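Sequential numbering from 1 along the given sequence is applied to the chain's residues. Treat the numbers as computed from the prediction; the structure is a model and nothing was measured. For the numbers below, each heavy atom of this structure counts, side chains included, while hydrogens, waters and symmetry mates do not.
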Amino acid sequence: QVQLVESGGGLVQAGGSLRLSCAASGLTFSSAAMGWFRRAPGKEREFVAGLNRGGASTYYGDSVKGRFTISRDNVKNALYLHMNSLKPEDTAVYYCAARNGMILRTTEREYDYWGQGTQVTVSS
């Protein structure tokens, strides 16, 4: 059974930083493209960042480019999201997602497994 467990969320002031982690099990992590999505209150879930199985190819949503960095450790079966210069509009539940494929994708329907999410709240 595939499990994705996010951690690292919390309350931070605007301009601050957080690092989210996602621990993966039950899948061949090194073969899976991974992504981060988020859902803000009253909004649809949106793509934040993704990377291919090796981590060399990454892609970011426009709203986080230059501030967030996605990375992975295929030895530890872990995915990370380093978030800098946080803004109140980054407040959301952040989800880790995995897909049965090597190439990163940016839409929800292309991901097969999801974590429960971790709350990030940025105060102004």
For the student: nearest non-hydrogen atoms of Asp90 and Val122, plus distance: CB-CG2, 4.2 Å
Shortest non-hydrogen contact from Val120 toward Met83: CG2-CE, 3.9 Å
Sub-4.5 Å side-chain heavy-atom contact between Leu81 and Thr69: no
Pairs touching residues 64-112 that satisfy ring pair (Phe, Tyr, Trp, His ring centres under 6.0 Å), sequence neighbours left out: Phe37-Tyr111
Short side-chain to backbone donor-acceptor contact, Arg72 and Lys76, under 3.5 Å: no
Side-chain donor or acceptor of Asp73 paired with backbone N/O of Asn77 under 3.5 Å: no
Can you give the donor-acceptor pairs under 3.5 Å from side chains of residues 11-34 to other protein atoms, not counting sequence neighbours?
{"residue": "Ser17", "atom": "OG", "partner": "Asn84", "partner atom": "OD1", "Å": "2.9"}

Calculate, to the nearest 0.5 Å, the distance between atoms [atom1] and [atom2] belonging to [X] and [Y] respectively.
X: Leu104; Y: Phe47; atom1: CG; atom2: CZ; result: 6.5 Å
X: Leu51; Y: Leu79; atom1: CG; atom2: CG; result: 6.0 Å
X: Tyr59; Y: Ile103; atom1: OH; atom2: CD1; result: 15.0 Å
X: Glu110; Y: Asn100; atom1: CD; atom2: CG; result: 12.5 Å
X: Glu46; Y: Thr107; atom1: CD; atom2: OG1; result: 13.5 Å

Salt bridge (charged side-chain N to carboxylate O under 4.0 Å, His left out) between Lys65 and Asp62, worked out: CA-CA 5 Å; Lys65 279 180 185 175; Asp62 288 342; 3.1 Å; yes
Worked check of salt bridge (charged side-chain N to carboxylate O under 4.0 Å, His left out) between Arg45 and Glu108: CA-CA 8 Å; Arg45 189 154 55 183; Glu108 277 191 71; 2.9 Å; yes
Distance-only side-chain donor-acceptor flag, Ser63 / Arg38, under 3.5 Å: yes
Salt bridge (Lys or Arg N to Asp or Glu O under 4.0 Å) against Arg53, all qualifying residues, sequence neighbours excluded: none
NZ (Lys43) with more than 12 external heavy atoms under 6.0 Å: no
Heavy atoms of other groups near Gln119 CD, more than 12 under 6.0 Å: yes
Verify same cluster id: Val93, Trp36 (apolar side-chain graph, 4.5 Å):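 As far as the 4.5 Å side-chain criterion goes, Trp36 and Val93 are not connected within one cluster.
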